[in-house]
Q: 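What follows is a structure written as structure tokens; I'll ask about it next.
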Amino acid sequence: MRTVALGPERRTEALARMSERELDVLVIGGGIVGAGTALDAVTRGLSTGLLEARDWASGTSSRSSKLIHGGLRYLEMLDFGLVREALKERGLLLDRIAPHLVRPVPFLYPLKHRAWERVYAGTGVAMYDLMARSSGRTGGLPHHRHLSRRGALRVAPALKKDALVGALQYYDAQMDDARYVATLVRTAAGFGAHVANRARVTEFLREGERVVGVRVRDLEEDGTYEVRAKQVVNATGVWTDDTQAMIAERGQFHVRASKGIHLVVPKDRIHSSSGLILRTETSVLFVIPWGRHWIIGTTDTAWDLDKAHPAASSADIDYLLDHINDVLAVPLTRDDVEGVYAGLRPLLAGESDATSKLSREHTVAHPVPGLVVVAGGKYTTYRVMAKDAVDAAVHGLDQRVAACCTEEVRLAGAEGFHALWNARARLATRVGLHEARIEHLLRRYGSLTEELLDLIAADPRLGEPLPAADDYLKAEIVYACSHEGARHLEDVLTRRTRISIETFDRGTRSAPECAELMAGVLGWTPDQVEREVRHYRKRVEAERESQLQPDDQTADAARLGAPDTVPL
């Protein structure tokens with residue numbers, strides 16, 4: 001595989017190539033499932049296209065809990081098949097597919113009752129470890145362990161002494177969800193897939209009953225294309241029903257949206273060397289280590305309002321703070337919250353009204369000839385969903401097609417990662433950066449770090465940190481546009497980096513400098529730079545206003561106060 005740079009010229013070329021000749025497979029939706037489907041298809045030797053209406057991972061796939069996990073709580077639901085499948089995938093991602101992006105994370109589960117709870121919860125965690133081992137893919141994660149109250153408080157001094165009688169500690173894994181998707185897209189492009197974001201499908205092309213392609217509007221240059229394909233895969237997540245409505249056919253299943261919100265607080269607000277998992281009345285609550293921060297989440301409530309910008313209400317924020325403060329010796333307040341984000345889970349609709357009880361399984365259907373629909377599922381099992389979707393598409397192709405091989409395909413940046421990690425001190429000395437900076441880059445880009453170091457060598461100023469968000473180097477802002485397909489300031493501040501949730505100002509102080517850095521790659525005029533900054537600040541203002549509202553309806557109305565797109 002050759003690594004390709006997804007700069008602006010590459011995007012224009014991809015749209016032109018897709019419109020020139022019929023593809024074998026066209027995938028709609030640039031989230032984790034759509035990106036995974038494109039990689040699966042192109043690595044089987046199929047000519048493949050991938051279209052995304054906004055930015056890569058701009059929906060659900062950038063707003064998750066950022067965990068790669070088997071789903072410990074699904075054991076309690078007796079969903080052993082889903083847990084076993086997810087644990088196998090977790091091990092694959094850690095061991096082979098993306099060791100630079102996925103890493104172990106410990107969790108402490110406080111016990112509130114003596115004897116019976118330790119036996120009950122301990123049996124579940126033991127089964128979790130056993131299922132991982134039986135899959136042949138543990139990812140090198142340590143075995144769980146039992147702790148006394150004193151031992152648990154040594155691990156997590158932030159906990160109230162009377163909040164637990166003991167604890168269990170076990171391991172799962174985490175990643176940056178949006179960065180993972182962007183890397184997946186680049187990997188697919190490296191194998192020959194044509195990929196374009198900011199390209200909205202406006203219509204399905206039909207010949208009789210058969211879907212033969214789509215009409216696409218280029219939202220950046222305001223052009224229109226017809227892209228024809230032997231098979232079209234609809235991987236639009238929570239928008240599945242909306243996309244299906246475009247073919248005027250009743251779907252074989254329906255997808256409901258469940259809203260989950262997360263808070264981000266500084267690392268020093270919770271004194272612990274481990275993440276936490278707490279049981280709530282309806283689900284579980286995670287406190288997840290995230291660099292110099294903690295992520296606290298999540299909620300699980302039905303959402304039937306705007307899907308593009310789900311809003312966190314004041315009630316949502318209070319819910320999380322109340323539950324985490326039940327166990328913290330020093331409670332958190334609103335002033336401790338750096339960032340808030342809300343995302344939607346695509347759940348297959350069932351008989352239960354409670355979204356927490358709807359299926360996390362996925363489904364693949366062939367509603368009309370030429371169209372495959374894939375929906376539901378978990379981030380962790382995206383590769384299995386992609387395989388099933390392409391298997392279904394292959395049935396509609398009049399040719400022999402190879403079997404799925406993505407279990408063996410390393411993502412861009414994985415090859416050589418361990419060698420570079422072992423040599424990080426020497427690499428830091430060679431390039432004149434602190435070793436911590438090199439570690440930061442390797443954990444985000446893997447062996448592609450060399451490409452960023454080339455940018456710095458050509459312009460040493462890019463080796464400087466952003467003044468208002470010093471976790472990130474200026475080179476990362478440039479690289480997001482020149483190599484990772486970022487088209488707007490929001491793409492960089494909310495997805496290529498996480499400045500929007502990792503700073504108390506939500507990225508507004510970094511916005512002008514980032515826009516200036518992007519302008520050189522994207523050819524922006526001073527007026528366009530100003531428009532980008534103004535649009536981003538309005539977005540932040542609308543989000544802050546929505547988080548003061550008492551309920552979903554008023555929060556949604558406040559969030560929609562900001563324009564959806566940047567004027568060109």
Side-chain angles (χ1 to χ4, degrees), residues 65 67 69-80 83 87 90 104-133 138 141-174 260 262-263 265-290 293-300 317-333 336 354 356-357:
S65 297
L67 293 176
H69 63 134
L72 185 60
R73 70 190 180 99
Y74 301 136
L75 284 180
E76 201 167 34
M77 302 176 186
L78 305 181
D79 203 342
F80 300 117
V83 175
L87 287 172
R90 183 190 70 178
V105 58
F107 285 103
L108 194 72
Y109 177 67
L111 300 171
K112 295 185 177 181
H113 306 280
R114 299 186 185 279
W116 72 266
E117 189 181 17
R118 187 178 290 278
V119 172
Y120 179 77
T123 299
V125 175
M127 187 180 299
Y128 197 63
D129 285 346
L130 181 62
M131 292 173 75
R133 285 203 304 274
T138 65
L141 298 182
H143 195 266
H144 77 279
R145 60 178 182 149
H146 286 257
L147 297 172
S148 64
R149 176 161 58 185
R150 181 176 297 176
L153 291 173
R154 279 198 295 267
V155 172
L159 295 175
K160 295 177 182 175
K161 292 182 180 179
D162 60 359
L164 71 165
V165 297
L168 297 169
Q169 188 174 48
Y170 74 99
Y171 280 77
D172 257 318
Q174 70 174 164
H262 296 79
L263 310 180
V265 302
K267 194 69 175 246
D268 63 6
R269 301 306 197 270
I270 301 175
H271 187 194
S272 176
S273 60
S274 172
L276 305 173
I277 176 172
L278 310 170
R279 184 182 292 274
T280 71
E281 58 271 21
T282 59
S283 185
V284 294
L285 182 71
F286 287 101
V287 180
I288 306 161
W290 182 254
H293 318 269
W294 297 99
I295 293 175
I296 302 170
T298 180
T299 57
D300 197 343
I317 295 170
D318 286 343
Y319 173 87
L320 292 182
L321 289 176
D322 288 347
H323 279 79
I324 187 61
N325 285 338
D326 280 344
V327 300
L328 293 182
V330 179
L332 298 174
T333 70
D336 295 315
S356 60
K357 296 181 180 178

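Basis for what follows: all heavy atoms, side chains included, without hydrogens, waters or symmetry-related copies. Residues take their numbers from the sequence shown, with the count starting at 1.
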Q: Is the Phe286 to Phe107 ring centre distance short of 6.0 Å?
A: yes
Q: On a heavy-atom basis, which atom in Ala132 and which in Leu87 lie closest, and how many Å separate them?
A: N-CD1, 3.7 Å
Q: From Ile324 CD1 over to Ile296 CD1, what is the distance, rounded to the nearest 0.5 angstrom?
A: 5.5 Å
Q: Check whether any side-chain N or O of Ser273 sits under 3.5 Å from a backbone N or O of Val155 as a donor-acceptor pair, and report yes or no.
A: yes
Q: Is it the case that over 12 heavy atoms from other parts of the model lie below 6.0 angstrom from the NE2 atom of His143?
A: yes
Q: Nearest 0.5 angstrom please: Tyr171 OH to His144 NE2, how far?
A: 13.0 Å
Q: Taking side chain as C-beta onward, heavy atoms only, is Pro106 less than 4.5 Å from Tyr170?
A: no
Q: How long is the straight-line distance from CG of Leu159 back to CG of Asp326, given to the nearest 0.5 Å?
A: 12.0 Å
Q: For His323 and Leu278, work out which heavy atoms get closest and say how close.
A: O-CD1, 4.4 Å
Q: How close do Ile288 and Ser65 get, counting heavy atoms only, and between which atoms?
A: CD1-O, 3.3 Å
Q: Can you find a heavy atom in the side chain of His293 that is under 4.5 Å from one in the side chain of Val265?
A: no
Q: Under the salt bridge (Lys or Arg N to Asp or Glu O under 4.0 Å) rule, collect the residues that match up with Arg269, sequence neighbours excluded.
A: Asp336
Q: Check Leu75 against Gly124 and note the closest heavy-atom contact, atom names and distance.
A: CD1-O, 3.4 Å
Q: Measure the spacing between CG of Asp129 and CZ of Arg145 and express it to the nearest 0.5 Å.
A: 13.0 Å
Q: Please examine the side chains of Leu164 and Leu153, heavy atoms only from C-beta on, and report whether any two atoms are closer than 4.5 Å.
A: yes
Q: What's the spacing between Thr280 OG1 and Tyr319 OH if we round to 0.5 Å?
A: 3.5 Å
Q: Can you measure from OH (Tyr74) to OH (Tyr128) and round to the nearest 0.5 angstrom?
A: 10.0 Å
Q: For Ala163 and Lys112, work out which heavy atoms get closest and say how close.
A: O-CG, 3.7 Å
Q: How about Tyr109 and Leu72: do any of their side-chain heavy atoms sit closer than 4.5 Å?
A: no
Q: Work out which heavy atom in Gln174 is nearest to a heavy atom in Trp290; give both atom names and the distance.
A: NE2-CE3, 4.0 Å
